[in-house]
Asker: 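Sharing a structure below in structure tokens format, with a few things to ask.
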Amino acid sequence: MEERGGRFLLKAAEVHLEKVSKCFGEVWAVRNVSLHIRQGEFYTFLGPSGCGKTTLLRIIAGFVEPDGGEVFLDKEAVTRVPPWKRDVGMVFQNYALWPHMAVFDNVAFGLREREVPKSEIKARVLDALKKVNLEGLEARRPSELSGGQQQRVALARTLVIEPRVLLLDEPLSNLDAKLRLQMRNELVKLQKDLGITTIYVTHDQEEALTLSNRIAVMNQGSVIQVGSPREIYGQPQDPFVAEFVGTSNFFPGEVVEAIPERLLVKTQEGTIEVAIPENFWRGRVGEPVLLSVRPEAIQLRLPQEEDHNKGNRFLGTVKTSAFQGPLVLYEVELKRGTNIKVISPNPKGGEVFRVGEEIAVLFETQEVTIIPAGSGV
Amino acid sequence: MAALLSILAAFILYPLARVLYVAFAGEGGPTLSHLFAFFRRPLFREALYNSLLAGFLAVVFGSLIGLPLAYFTVKYDFKGKIVLQTLGVLPLVIPPFVGAVAFQLILGRSGMVNLLLLQYLGTTVPFMEGLPGVVLVQTLHYFPFIMLNAAASLTNIDPSLEEMAQNLGSYGFRLFRKVTLPLMMPGYIAGALLVFIRVIDDLGTPLMLNYTKLLAPQAYLRITTVGIDDVDGYVVCVILVILSLVSLWIARKYLSLSEYATVQRGASGSSISKKIGGLKLFIVLGISILILGISLLPHLGIALLSFSKVWSFSMLPTAYTWGNYDEILFRTPHFVKNTLLYSLLAASIDVLLGAIIAFLLIRGRVFGRNLLDAITTMPLAIPGVVLAVGYLRVFYGWNFPGIGKPLTATWFILVIAYSMRRLPYTVRACYAAMQQIHISLEEAALNLGASRRRTFLKITLPLMFGGLIAGGLISFVTSSVELSSTIMLVPKMEFGPLSYGIYIYMQSAIGRGPGAALGVVAIGLVAVGTYLIHRIFGGRTGSAFRV
Ligand SMILES: Nc1ncnc2c1ncn2[C@@H]1O[C@H](COP(=O)(O)OP(=O)(O)OP(=O)(O)O)[C@@H](O)[C@H]1O
Ligand SMILES: [Mg+2]
């Protein structure tokens, strides 16, 4: 028990999943997932409801035994280790506070299970409650706490045992919008301070993008793409990722010319020029690809306006426009019938394009992302 | 509303008040002297002690049987689990006084087991003599209440509460002791107290076993043998009411606590039933089969007896016959007919009152809601004997307007007693059914131009139909085997229902066969009713048998 003395950094573990699968009846909840989560990392599973995030988390915690594959904690295979021997702390979506115990006893539970001396328990419980800004509520029952306070107790209860990995299953989803923002910030700070390896589950892309070091986007039990928030948003490698994280406009096409740093793709609307980052995907001529352009990367101009920027320029008609305060959302139909979404910042002068107006759409070559075909639309 | 309250007042409150009045009225003003006199009589002290002991022992043994069964069936997953769950509620379908007769056949002085013992060991064991016999019969009849309530509690525990404990390093028996057990406690205690109340109130079993040193039989004996003006009988009634009230109050207090453990949003949903096999499965099945085997013996015994022509001092009947059924179906058909008539009427009254009361409790903003709720719950705490004594006191010798004779001289007094005693269950069933109808469903109809009356008829009523039927069935089923108030209130032999018939037949040796046949009919009625209730309530049958 010596080495439990409050040095989180040394305990933080790396998590390794090797071809993990789980099937419930006909449904693949998790399908052939391999991941490597580094020590001290804030790692997020992001995906729509029912995609298997919780199941994957429960596999790591040991509540669900995978049908196939292995789970490693620091190189040690734990796939068949029962949950109570894993030292992997989990915070449940509904907090799972024990209603028959006071806050203090809830938090002290894990320490008592580990037969930590009484005096030390007290000190550590108070310390954990302090970390989550909950001093003075030790004697309360969970039912006498607000949602945000319950959330903190749940967090303190798990942190106090100094687990090797922290698992959070949509911990903020039961809080109201304002509290959610506040807890989000506190969570990031706490995680940085403790340096604990954290796996976070959410279906909220904004939450994932702000919190994480890296994100694994999941769909129908499979991991579609892993990357930093910037990569996930900026270079989606799959139409699902592009559409789920933010929204996007897609142009299917075929490579007609491939030169260093530049690619010309023939699409229904005409030829689109794409700037390719170094060491990135190199297309071959004749290969089918899918291009993705974020709505906020597209600018609208009057058709007669000259534009000196190099880039892609098409003509179209405004179909709808929705004023949203700081932003205006447009739907534009291009000449050959492709509908695209455009988000423009609300111009100071209040100049908004009208429905039915002829306009030109512009986007720069480096704003176009190539999604290799075969990932399918 | 006024009509409703006056019905409840006339048939629940007033009779109870009269009982209290007699018990506490002295020469000039209220007195406690009758109460003190009660405690000075050794016989009454013994009866009180025995009643408490019987209740306590039935709860202890019932828990020893019911808790493991509840735990096995909720927490473990194995083949034959459904069978176990079904068999577990079967003891409830045999009325306890019928069970008493059956147990005498098996364990009584000249029952199967003792005959065996005599043959091989040359001695007998008095299983069924005195208090132990009463406790044995009641334990084996009432343990399903404990099992159902404990199982319902266990099922309702949010699985994440247990998983969280595992996540923090707890498992096995420690996990059970520190998390599972405290969480299921409220439901268990409610079930245990329900058993306690039932055992103390039960009149039929002690009478069948001819053991009268208990409170309920004492009240019955005082009133029927000493006379309707005997004060001691009323004092015993008051003590019975107090015991029931206190237990009921504690049970309610605990039940209101139990809400906290129910499943919350976002739970993983899969409750942790563990697949088991090998030795563990063997032990689990062994214990379950042993328990259920014993508690289902009475059913077998009664069935055998109902077909037997001669069965005395032998292991099994020596001759079989259809004659017993012939007797009860063709020569004395009134027992069965009366039961169907009375129970049906009582159930109809209950459904009608129940629907109205539930509607008032939920949607009404009427003054006196809490009062209404309190009055409709009262009958749970009034033992059948006490209600009967109250009715006798109020209606005996007083020509009821419009009938020209006392109400207690007509069979309708039985219908009234049944309907009042079961009213709380029907109200609850209707209440539950109505609660599930969101008010917006009614408002939508009102909004589309339906009048209030049409909304009630077209929307509310059809939606709560299942609840009404279930409530009526509960009332019907329990009324059809009600004995304690029946014995006291039956005006004439030919007005007697089935339960009364069994009681009368069983008094004589030649009547045992027909009595058993009536018992089989009773079991059949209850079994069919319980099955239907189960179908309607789905997996929540336990909720129909709660305090
Ligand atoms: N115990 C279970 N039995 C059967 N199917 C299950 C079980 N648990 C999960 N599933 C199924 O597996 C799939 C993945 O479920 P999971 O709970 O992991 O989704 P999720 O990504 O956490 O969704 P949400 O965002 O809604 O919480 C779903 O289709 C679900 O219905
Ligand atoms: Mg989930």
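Chain letters run A, B, ... following the sequence lines, proteins first and then strands; every chain starts at 1.
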Asker: Are the side chains of B:Gln166 and A:Phe63 in contact, using a 4.5 Å heavy-atom criterion?
Answerer: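 Of all side-chain heavy-atom pairs linking B:Gln166 with A:Phe63, at least one is under 4.5 Å.
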
Asker: Can you tell me how far the CD atom of A:Glu113 sits from the OH atom of B:Tyr171, to the nearest 0.5 Å?
Answerer: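 Nearest 0.5 Å value for the CD-OH distance: 9.0 Å.
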
Asker: Considering non-hydrogen atoms only, spot the tightest contact between A:Phe92 and B:Ser160 and give its length.
Answerer: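 Nearest pair, atom of A:Phe92 first, then B:Ser160: CD2-CB, 3.5 Å.
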
Asker: If you draw a 6.0 Å radius around CZ in B:Phe56, do more than 12 non-hydrogen atoms from other residues or ligands fall strictly inside?
Answerer: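 Atom CZ in B:Phe56 is not crowded, with 12 or fewer foreign heavy atoms closer than 6.0 Å.
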
Asker: With distance as the sole test, does A:Arg114 use its side chain to make a donor-acceptor pair with the main-chain N or O of B:Leu168 at under 3.5 Å?
Answerer: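 Yes: the side chain of A:Arg114 pairs with the backbone of B:Leu168.
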
Asker: Please report the interatomic distance OG(B:Ser170) to CZ(A:Phe109), rounded to the nearest 0.5 Å.
Answerer: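 One finds 3.5 Å between OG of B:Ser170 and CZ of A:Phe109.
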
Asker: Going from CG on A:Asp87 to CG on B:Asn167, what distance comes out if it is rounded to the nearest 0.5 angstrom?
Answerer: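 One finds 9.0 Å between CG of A:Asp87 and CG of B:Asn167.
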
Asker: Tell me, with the steps shown, if B:Lys178 and A:Trp98 meet side chain to side chain contact (heavy atoms under 4.5 Å, CB included).
Answerer: CA-CA 10 Å; B:Lys178 294 183 82 170; A:Trp98 297 301; over 6 Å; no

Asker: Nearest 0.5 Å please: distance from the CG atom of B:Leu161 over to the CG atom of A:Asn94.
Answerer: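 Answer for the CG-CG pair, B:Leu161 versus A:Asn94, is 7.0 Å.
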
Asker: Once rounded to the nearest 0.5 Å, what's the spacing between atom CZ of A:Arg157 and atom CE of B:Met164?
Answerer: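 Here the rounded value is 4.0 Å.
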
Asker: Is any side-chain heavy atom of A:Arg58 less than 4.5 Å from a side-chain heavy atom of B:Glu163?
Answerer: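 The answer is yes, as the side chains (C-beta and beyond) meet within the 4.5 Å cut-off.
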
Asker: For A:Arg112, check salt bridge (Lys or Arg N to Asp or Glu O under 4.0 Å) against everything at least two apart and list the hits.
Answerer: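 So A:Arg112 forms a salt bridge (Lys or Arg N to Asp or Glu O under 4.0 Å) with A:Asp105.
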
Asker: Without swapping roles, check the side chain of B:Asp158 against the backbone of A:Ala96 for a donor-acceptor pair under 3.5 Å.
Answerer: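 A pair under 3.5 Å: no.
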
Asker: Can you check whether B:Met185's main-chain N or O pairs, donor with acceptor, with A:His100's side chain at less than 3.5 Å?
Answerer: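 Judged by distance alone, no pair lies under 3.5 Å.
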
Asker: Is it the case that over 12 heavy atoms from other parts of the model lie below 6.0 angstrom from the CD atom of A:Gln220?
Answerer: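 It does not: A:Gln220 CD has 12 such atoms or fewer within range.
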
Asker: Which residues satisfy the ring pair (Phe, Tyr, Trp, His ring centres under 6.0 Å) test with A:Phe42, sequence neighbours excluded?
Answerer: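 A:Phe42: ring pair (Phe, Tyr, Trp, His ring centres under 6.0 Å) contacts with A:Tyr200.
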
